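This is a predicted model, so every value here is computed, not measured. Residue numbering restarts at 1 for every chain, and letters A, B, ... go by the order of the sequence lines.
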2 protein chains.
Amino acid sequence: MVKQHILLAVDNIIFTIVKDKLHVVLIQRAAEPFINAWAIPGGFVHDEETVDEAAYRELAEETNVKNVYLEQLYTFGELNRDPRGRVVSCAYIALIAHKALDLKSGSDAKEVQIFPVDKLPALAFDHKTILSYAIQRLRYKLEYTNVAQYLLPPTFTLTDLQQVYNVVFNKEFDTRNFRKKIDKLDIIKETGETIIRGAHRPAMLYRFKDKKVKIVDII
Amino acid sequence: MVKQHILLAVDNIIFTIVKDKLHVVLIQRAAEPFINAWAIPGGFVHDEETVDEAAYRELAEETNVKNVYLEQLYTFGELNRDPRGRVVSCAYIALIAHKALDLKSGSDAKEVQIFPVDKLPALAFDHKTILSYAIQRLRYKLEYTNVAQYLLPPTFTLTDLQQVYNVVFNKEFDTRNFRKKIDKLDIIKETGETIIRGAHRPAMLYRFKDKKVKIVDII
DNA sequence: CTAATAGTGTCTCTGAGACACTATCTA
DNA sequence: TAGATAGTGTCTCAGAGACACTATTAG
């Protein structure tokens, strides 16, 4: 029907939170172009898989994960993104709890590593642009949905949950107001268990009521 | 580098408001598959143009427009979208004032026509899915940005502006509250001119202060 | 004068944000 | 008992939403 010389790729911006920093998974490229440079993991879409499936497959090849949140971010279609030729990339955001993350480098990467988003190495291709866009979207989504759960283990304390927001928005939310808000939204429930994490009062563990992404005004 | 048999297309969901209904531009297909069926206008991306440019080009081929708002919506990458083969489509939303719309059918269409979104014909491909998604996004964007201006002529009355919101959200906003809100947001200015549209008090004409898309909490 | 739309102000209630102390544990 | 984090309530202010009348025109 048509002659076209465009290749379609997917890129996954994999976010996770470590201590008090938002981190992103990057790979060190093992081949030209941009050999040795750090890049967002991704690859070409196969003929017999959907674009979503391609993103899942590529994600699995880099990180051993289940229960990841994956959401299409944007399609980057500029002309000279890739020196090898015309490549259009459909970017996805993945959210994962740090505990669940178990990185192993795939065939096309020397190394896989997480980096705090405020201390990134130079990135290959237009990956810096993609990443900024991803952070924007992440903030946006945390503001009005319950996807924060995917950055947390299945059970967590209210402090953990607030930490996610503090870190992603890079500010200190007020503990009382934050808890009031969460309480009113009715999106989490107590597990009945507590956890002791030091020489102080133990914290109640909670769980999200609904795994499905719901629109809720959190911030 | 890679063998891939995927074609990349763009589709434009062109919205406009006529009287008290949200409308969308559709073409009647002149070729198989889905010959004679109505479809969202679109086409394949050329090798030497960006995906955005492809969307603009296709848009221009169907509608004689300048000053259109065009925004990438979502990339639809399912396997059997197109019976001819593997086609991934990057969908865009376009907003245009009805006055500015001057449709002419391109080569691959028998007919171009606007339809109210609540009285659509059967649509080809997965275009019904795409359209629902587009309407959702449109509502979303009107809620928190100033893009409503692109559904209006350069100058308009407050009633016109409210009409856009009434129509897109399919409800009657309160005139006083709506105007208070718009006033406080400081996004439009009086032109100083009035317009008479019948046997009643003339209405003040306004203009948006800023063409750039801005985040503002309208609804 | 009638009919039709343009244009305006007040009150109530809810939610956002500022703010400081008690509870519970370990060492 | 000192040190550390968990957990909680009140007040103020701003904004959302409900609500009804006057202004201006043509015919």
**Report entry** Strand contacts (DNA chain D) in residues 144-154 of chain A, 4.0 angstrom heavy-atom criterion
**Finding:** none
Requested in this report: Using the salt bridge (charged side-chain N to carboxylate O under 4.0 Å, His left out) rule, take A:Glu71 and A:Arg137 through it: C-alpha gap first, then chi angles, then the decisive distance, then the call.
Outcome: CA-CA 10 Å; A:Glu71 165 187 323; A:Arg137 173 79 68 94; 2.7 Å; yes
Query raised in the report: Taking the inter-plane angle between the rings of A:His127 and A:Phe125 on a 0 to 90° scale, is it parallel (under 30°), tilted (30 to 60°) or perpendicular (over 60°)?
Result: tilted
Query raised in the report: What pairs with B:Lys181 under salt bridge (charged side-chain N to carboxylate O under 4.0 Å, His left out), at least two apart in sequence or on another chain?
Result: none
Query raised in the report: A:Thr157 near the nucleic acid: base, sugar-phosphate alone, or nothing, with a heavy-atom cut-off under 4.0 Å?
Result: nothing
**Report entry** Lys/Arg N to Asp/Glu carboxylate O, A:Glu53 vs A:Arg57, below 4.0 Å
**Finding:** no
Report summary line: Sorted by position of nearest nucleotide on DNA chain C, 5' first, the leading residue of B:Ala199 and B:Met204 is B:Ala199
Report task. Could you walk me through whether B:Thr155 and B:Thr191 pass side chain to side chain donor-acceptor pair (under 3.5 Å), step by step? Result -> CA-CA 8 Å; B:Thr155 66; B:Thr191 61; over 6 Å; no
Query raised in the report: Any luck finding a side-chain donor-acceptor pair between A:Asp52 and A:Tyr92 under 3.5 Å?
Result: yes
Show each protein N/O and nucleotides 8-13 of chain D N/O combination with a separation under 3.5 Å, one pair to a line.
{"from": "D:dT10", "atom 1": "O4", "to": "A:Lys180", "atom 2": "NZ", "distance (Å)": "2.8"}

Query raised in the report: Can you find a side-chain donor-acceptor pair between B:Asp126 and B:Thr129 that sits under 3.5 Å?
Result: no
Report summary line: Among the nucleotides C:dG15, D:dG15, D:dA26, whichever has the atom closest to the side chain of B:Lys184 is D:dG15
